[in-house]
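Being a predicted model, the structure only gives us computed values, none of them experimental.
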Amino acid sequence: MSDPKPQSRISFATRFGVIAATAGSAVGLGNIWRFPYEAGNHGGGAFMLLYIMFVLILGIPVICAEFAIGRQGRSNIFGSFDRLSNRKGWKFTGYIGILASLMILSFYSVVAGWTMEYFVQSLTGGLSAASDMHGRFGEFCSGWRCVAYTVAFLVINFLIVRKGVRKGIERMSSIMMPALFVILLAFCIYSLTLPGARQGIDFLFNPDFSKIDSKVVIGALGQAFFSLSIGLGCMLTYASYFKDSTNILKNASMTAGLDTLVAILAGVLIFPAVFTFGASPQEGPTLVFEVLPDIFNRLPASRLLSALFFFMLFLASLTSTISMSEISTAFFSEQFGMSRRRSCILTTAICLVFGALCALSFGALGNIPFFDFFNYFSSDILLPVGGIFICIFAGWIIDRKLLRNQLTNNGTTCVKFYKVLVFCIRYVAPVGLAVILAVGFGII
Ligand code: TRP
């Protein structure tokens, strides 16, 4: 163990700030854009049940493992692994996390750019003037504006992350998360008054188990990991800014609970509207960008509604991307002694290149599916693989006493659940993840 003694390091200032930041990381496009179309494609309720099961038995233990490693290591992902083990190989888990976070940040910024364009177009009336939303979306994606919005989004993200953990990440998350909740709740109430509400809710909550196959299982797992921001050290990096008094299990459960709540509310918002206007819930990734604007156009106050909706998506994206950027920003600045500003510039520069490639794969580089590859490879493979390593590391490699002290705040909290939690971290999560991955790839 090179230096297990935590050094003094900046921390989140308030308890609300901690939950706003971690839930802000978790709640994102994954909940409002990805979850509804994944659920729509995979039979609604059946997918949701699997998803909730994975959140409970695999998600919460992995968040706790990340929190424990991060707070004990008090460093970026690479530094934390390095400090807590003297076997050099573990550091490579850090590299996987950094690579995956840069890949996710890149394609994610493209979608976040779409939300900005749609927000602007809603306000200026461009969206309500369009009659063919499919054509409209295709035209936008294939042009230069898609790249420009990706760049604009990354610049806004940069401006926040550069300000640091308290003044940038914590402060902005504490403002943006409550705003997001208020807008989301208002939309859900409105959606429930639509004539197709019953059908939409039935679709979301009635499980049809005949729809479950290995693809649905691996999809639900990938979705749970993506949505909870786990598997690549995002929660680990945030936990390195926790105070010693922060209750790990409580925060992990609240983060998972709020994240699942927002995913369900997004379904409650979208499916009643989809059924009311006779659209198909199986539209795929364009559900939010083609079907919804069409629906907004048929409602009163369409410009305001659609502007608010895309603003909400923008807020959700931003609280997530700042957490992804923090992984490599902390890594560059702590491992290479760069200033925060420089490491932020480096992170943003890499993502500008990757992001432009992803954006162009809808247009000029149409024959090279960068976007799909980045999305699939990082979320469905690197995240669960990273999750296995994180659980093995927390459960088997680091000193048991350190793990216990972290998970129970030196024996003062969560003592009752400690054994169950450790059992999940050591056995259930790694074995479960390995089996699901093997089944997904057709190995068993
Ligand atoms: N969880 C976020 C969402 O649902 C995305 C995200 C943020 C993420 N940080 C992450 C995904 C780290 C994987 C890993 O949109």
Report summary line: Closest non-hydrogen contact found for I212 with A46 is CG1-CB, 3.9 Å

**Report entry** Distance, nearest 0.5 Å, that separates OG1 of T14 from NZ of K243
**Finding:** 7.5 Å

Query raised in the report: Given the rule in the ring-ring contact (aromatic ring centres under 6.0 Å, His included) test, do F374 and F107 qualify, once you have shown the distances and angles that lead to the verdict?
Result: CA-CA 7 Å; F374 274 40; F107 80 79; 7.5 Å; no

Query raised in the report: Would the F389 and F92 ring centres measure less than 6.0 Å apart?
Result: no

Query raised in the report: Counting N and O atoms only, with roles assigned by atom type, does the side chain of E66 sit under 3.5 Å from a partner on the main chain of G231, one being a donor and the other an acceptor?
Result: yes

Query raised in the report: CZ of F181: more than 12 outside heavy atoms within 6.0 angstrom?
Result: yes

Query raised in the report: So do R166 and S11 actually touch side chain to side chain, heavy atoms under 4.5 Å?
Result: yes

Requested in this report: Would you mind reporting whether Y37 and R34 have side-chain heavy atoms less than 4.5 Å apart?
Outcome: yes

Query raised in the report: Taking the six-membered ring for Trp, are the ring centroids of Y51 and F35 within less than 6.0 Å of each other?
Result: yes

Query raised in the report: Mind checking whether V111 and F289 have side chains closer than 4.5 Å, heavy atoms only?
Result: yes

Requested in this report: Look at the rings of Y238 and F12 and say which category their plane angle falls in: under 30° parallel, 30 to 60° tilted, over 60° perpendicular.
Outcome: perpendicular

Query raised in the report: Can you name the nearest heavy-atom pair linking N76 to G79, along with the distance?
Result: OD1-N, 2.9 Å

Query raised in the report: Just by distance, with hydrogens left out, do R71 and N409 show a side-chain donor and acceptor under 3.5 Å apart?
Result: yes

Query - Between T412 and N410, a side-chain donor and acceptor under 3.5 Å - result: no

Query raised in the report: Judged by modelled atom types alone, do E38 and Q223 share a side-chain donor-acceptor pair under 3.5 Å?
Result: no

Query raised in the report: With a 4.5 Å heavy-atom cut-off, do F205 and M48 have their side chains touching?
Result: yes

Requested in this report: Determine, step by step, whether M103 and L232 satisfy the side chain to side chain contact (heavy atoms under 4.5 Å, CB included) criterion, reporting the C-alpha distance in whole Å, the side-chain angles of both residues, the deciding distance to 0.1 Å, and the verdict.
Outcome: CA-CA 11 Å; M103 286 177 84; L232 49 77; over 6 Å; no

Requested in this report: Taking S25 for its side chain and A21 for its backbone only, find out whether a donor-acceptor pair lies under 3.5 Å.
Outcome: no

Query raised in the report: For R426, does its backbone N or O pair with a side-chain atom of W396 as donor and acceptor, under 3.5 Å?
Result: yes

Query - Stepwise side chain to side chain contact (heavy atoms under 4.5 Å, CB included) test for Y241 and I169 - result: CA-CA 11 Å; Y241 307 123; I169 296 176; 5.7 Å; no

Report summary line: Tightest non-hydrogen contact, residues F275 and G200, listed as CD1-CA, 3.4 Å

Query raised in the report: Heavy atoms, side chains only, cut-off 4.5 Å: are S109 and F354 in contact?
Result: no

Requested in this report: Mind listing the closest non-hydrogen atom pair of A394 and I425 along with its distance?
Outcome: CB-CG2, 4.1 Å

Query raised in the report: Testing E334, R74, R9 for side-chain hydrogen bond (donor to acceptor under 3.5 Å, both in side chains) with S240, which one passes?
Result: R9

Query - N/O donor-acceptor pair under 3.5 Å between N251 side chain and N247 backbone - result: yes

Query raised in the report: Under a 4.5 Å cut-off applied to non-hydrogen side-chain atoms, are L382 and I104 in contact?
Result: no

Requested in this report: Check whether any side-chain heavy atom of M235 sits under 4.5 Å from a side-chain heavy atom of I390, and report yes or no.
Outcome: no

Query raised in the report: Which heavy-atom pair separates P61 from L421 by the least distance, and what is that distance?
Result: CA-CD1, 4.3 Å

Query - Candidate pair F187 and L305, rule side chain to side chain contact (heavy atoms under 4.5 Å, CB included), full reasoning - result: CA-CA 9 Å; F187 265 110; L305 282 181; 3.9 Å; yes

Query raised in the report: In Å and rounded to the nearest 0.5 Å, what is the SG to CG distance from C351 to L357?
Result: 11.5 Å

Query raised in the report: What's the verdict on side chain to side chain contact (heavy atoms under 4.5 Å, CB included) for T321 and F153, showing C-alpha distance, side-chain angles and the deciding distance?
Result: CA-CA 10 Å; T321 52; F153 181 82; 3.4 Å; yes

Requested in this report: Give, for atom CD1 of I327 and atom CE of M324, the distance between the pair rounded to the nearest 0.5 Å.
Outcome: 8.0 Å

Query - L228 side, atom CG; T22 side, atom OG1 - distance, nearest 0.5 Å - result: 11.0 Å

**Report entry** Minimum heavy-atom distance between N31 and V27, given as atom pair plus value
**Finding:** OD1-CA, 3.4 Å

Query raised in the report: Between the side chains of N157 and S325, is a donor N or O closer than 3.5 angstrom to an acceptor N or O?
Result: yes

Query raised in the report: Taking it one step at a time, do F119 and F314 satisfy ring-ring contact (aromatic ring centres under 6.0 Å, His included)?
Result: CA-CA 8 Å; F119 171 68; F314 167 74; 7.4 Å; no

Query raised in the report: Do T319 side-chain atoms and G24 backbone N/O form a donor-acceptor pair below 3.5 Å?
Result: yes

Report summary line: When rounded to the nearest 0.5 Å, the distance separating OG of S227 from CG of L29 is 10.5 Å

Query - Point-to-point distance, once rounded to the nearest 0.5 Å, from NZ of K250 to OG1 of T413 - result: 9.5 Å

Query raised in the report: Can you tell if the side chain of I183 reaches within under 4.5 Å of the side chain of F311, non-hydrogen atoms only?
Result: yes

Query raised in the report: Do any N or O atoms from the side chain of S323 and from the backbone of S320 form a donor-acceptor pair under 3.5 angstrom?
Result: yes

